[in-house]
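Each ligand, and each atom within it, is numbered from 1 in the order the structure gives. Just so it is clear, the structure is predicted and the values come from calculations on it, not from any experiment.
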Amino acid sequence: MRKVYLDYSATTPVDERVFEKMRPYFTEVFGNANSLHGFGREGAKAVDSARRKIAELLKVKPTEIYFTSGGTEGDNWALKGTASAYSHKGKHIIVSAIEHAAIIHSARQLEKNGFRVTYLAPNDKGIINPETLENAITDDTSIVSVMTANNEIGTVQPIKELCEIAHKHGSLFHTDAVQAVGSIPVDISGWNVDLLTFSAHKFYGPKGIGVLYIKSGVKPDKIVTGGHQERSMRGGTTNVPEVVGLATALEIALSEMSENSVKIRKLRDRFVESIESKIPYVVYNGDRKRRLPQNANFAFEFIEGESLLLRLDMAGIACSSGSACSSGSLDPSHVLLATGLPIEKAHGSIRFSFGKYTTDEDVDYTIESVVKAVNDLRALSPLFSEFKGDKKYV
Ligand code: PLP
């Protein structure tokens, strides 16, 4: 059976070139980067050079790069660390209502600890309007966090404008750029953000390693306390092979980004056009223009997203209903609900995310399989049989 992976927003395979660069740091250069002996110094040298490489690629200072265990930790640190360190400014924080669970759940925890949280509503396409932030921000807002690009519907936010508003009110600004880095240009200094999270496994690097960029002068409290690693800001033995992997993956992703994004966008657009022309009663969730090139998210009316997902899995196709992080729960996506999509349509939504290894044949096979699966499921759907041709059902 053909196997098609269309879940690149959940994770990507490690690029062979990245893996080859990492390999010696598992078995040969295995010293603890904090040890004083030669074995340790070799590891420290690799970490140092990776940090400098990442800083150079992102046009920031090496001292502004902090290695973490991935996007979840970066988001937790950014939000909880600054909320706690800057609580003298006030105990109000602002996040968008469509953030990843790593931010939403951190915000909820802060609420339990006495912080006030405003969840900014997006428009019906999933965009956070700067005016919405302007109306919500107050003198006691310590931090605003809005993701660069959404993991479910791929919408790309006006980060520079949102950050300007936060700064005008003396608040810090964090952006979760986990889905954006490697896919679209990310301009840390141009946007002037104070903190930015990203994670290697979204751009063909290893899982379990990420970066929190912290602008010089910004001092969040520590979240992972321990040894003196990461200039005493984050304890834990440095994961040398993964740090090397992250730097290599970032270098490759940025150097090949324009070429890959043209190819991926073309495949995605052809897929979207075909689905919309071949299947009636389909909603294309998100914004058509301000959107990651790899993302397509559809609500197929009258059917359950999970049933479609399973049918496609049986045909060898991997995609996602909601974000992978919320799978295991059958709750409808908080992102789709925040855009105003009715609960039944949110339940019938599926994300297809394309990547640099996706082929034209993969797309053809998936179009054919989705059309068949949707037709089969609708034939079994009582909702669809009750539906009498005109669109009464919402
Ligand atoms: N933020 C966003 C937008 C994501 O898509 C993800 C992962 O899906 C994360 C954070 C979490 O990153 P990680 O898997 O590296 O912990």
Side-chain angles (χ1 to χ4, degrees), residues 5-14 18 54 65-81 95-109 119-120 122 126-128 145-157 159 162 174-184 186 193 195-213 223-224 234 236 239 242-243 245-246 249-250 253 286 290-297 318-329 333-336 338 351-355:
Y5 186 76
L6 290 182
D7 206 9
Y8 283 87
S9 289
T11 197
T12 59
V14 173
V18 172
I54 295 163
I65 298 295
Y66 292 86
F67 292 114
T68 64
S69 63
T72 301
E73 184 190 325
D75 283 351
N76 270 262
W77 188 7
L79 205 70
K80 294 179 194 168
V95 303
S96 88
I98 58 168
E99 293 298 303
H100 185 270
I103 287 288
I104 296 282
H105 292 172
S106 295
R108 291 208 191 120
Q109 208 174 45
Y119 297 88
L120 297 178
I127 306 284
I128 306 293
S145 181
V146 178
M147 69 206 314
T148 310
N150 184 267
N151 45 306
E152 293 187 37
I153 52 175
T155 43
V156 178
Q157 305 299 340
I159 295 302
L162 294 167
H174 165 251
T175 188
D176 170 344
V178 169
Q179 290 290 334
V181 168
S183 285
I184 55 170
V186 165
V193 297
L195 305 107
L196 178 141
T197 307
F198 64 93
S199 180
H201 75 102
K202 305 292 183 175
F203 49 86
Y204 309 91
K207 294 167 187 53
I209 184 83
V211 160
L212 180 64
Y213 157 84
I223 296 291
V224 181
R234 194 258 184 195
N239 196 336
E242 299 230 332
V243 164
L246 186 151
L250 186 65
R290 295 191 65 102
R291 185 176 197 115
L292 290 172
Q294 69 266 35
N295 176 286
N297 187 312
C319 55
S320 151
S321 63
S323 70
C325 322
S326 60
S327 62
S329 129
S333 145
H334 69 287
V335 173
L336 296 173
R351 177 187 73 186
F352 301 89
S353 46
F354 302 75

Visitor: Among Trp77, Phe198, Tyr213, which one satisfies ring-ring contact (aromatic ring centres under 6.0 Å, His included) with Tyr66?
Guide: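 Only match with Tyr66 under ring-ring contact (aromatic ring centres under 6.0 Å, His included): Trp77.
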
Visitor: Side-chain contact, heavy-atom cut-off 4.5 Å: Arg290 with Ile127?
Guide: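 Of all side-chain heavy-atom pairs linking Ile127 with Arg290, at least one is under 4.5 Å.
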
Visitor: Within ligand 1, which atoms have a heavy atom of Gly70 less than 4.0 Å away?
Guide: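 By the 4.0 Å cutoff, the relevant atoms are 15 (O).
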
Visitor: Answer whether the closest heavy-atom distance between the side chains of Ser96 and Tyr119 falls below 4.5 Å.
Guide: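 Result no, sub-4.5 Å side-chain heavy-atom pair not found.
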
Visitor: Answer with side chain, backbone, both or neither: which part of Asp75 has a heavy atom less than 4.0 angstrom from an atom of ligand 1?
Guide: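 For Asp75, only side-chain atoms sit under 4.0 Å from ligand 1.
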
Visitor: Under a 4.5 Å cut-off applied to non-hydrogen side-chain atoms, are Thr148 and Val193 in contact?
Guide: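 Result no, sub-4.5 Å side-chain heavy-atom pair not found.
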
Visitor: Out of Lys207, Glu73, Gln179, indicate the one that has the non-hydrogen atom closest to atom 5 (O) of ligand 1.
Guide: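 Result: the heavy atom closest to atom 5 (O) of ligand 1 is in Gln179.
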
Visitor: Mind checking whether Ser199 contacts ligand 1 via backbone (N, CA, C, O), side chain (CB onward), both or neither, at a 4.0 Å heavy-atom cut-off?
Guide: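 Just the side chain.
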
Visitor: Measure the spacing between CG of Asn150 and CD1 of Ile98 and express it to the nearest 0.5 Å.
Guide: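 Reported to 0.5 Å precision, the distance equals 4.5 Å.
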
Visitor: Please give me the minimum heavy-atom distance between Glu242 and Lys207, naming the atom from each residue.
Guide: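 Here Glu242 and Lys207 meet closest at OE1-O, 2.8 Å.
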
Visitor: For ligand 1, which atoms, with element, lie under 4.0 Å from some heavy atom of His201?
Guide: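 Heavy-atom distances to His201 below 4.0 Å select 13 (P), 14 (O), 15 (O).
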
Visitor: If the contact criterion is a heavy-atom separation under 4.0 Å, does Lys202 count as touching ligand 1?
Guide: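 Distance cut 4.0 Å: Lys202 passes for ligand 1.
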
Visitor: With atoms numbered from 1 as shown, which atoms in ligand 1 lie under 4.0 angstrom from a non-hydrogen atom of Met147?
Guide: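 By the 4.0 Å cutoff, the relevant atoms are 3 (C).
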
Visitor: For Thr72, counting its heavy atoms only, list the atoms of ligand 1 lying under 4.0 Å from any of them.
Guide: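 Near Thr72, meaning under 4.0 Å from one of its heavy atoms, ligand 1 has 11 (C), 12 (O), 13 (P), 16 (O).
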
Visitor: Is any N or O atom of Ala10, backbone or side chain, closer than 3.5 Å to an N or O atom of ligand 1?
Guide: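 Not met; the criterion fails.
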
Visitor: In Å and rounded to the nearest 0.5 Å, what is the OG1 to CG distance from Thr197 to Asp75?
Guide: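 If we round to the nearest 0.5 Å, Thr197:OG1 and Asp75:CG are 4.0 Å apart.
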
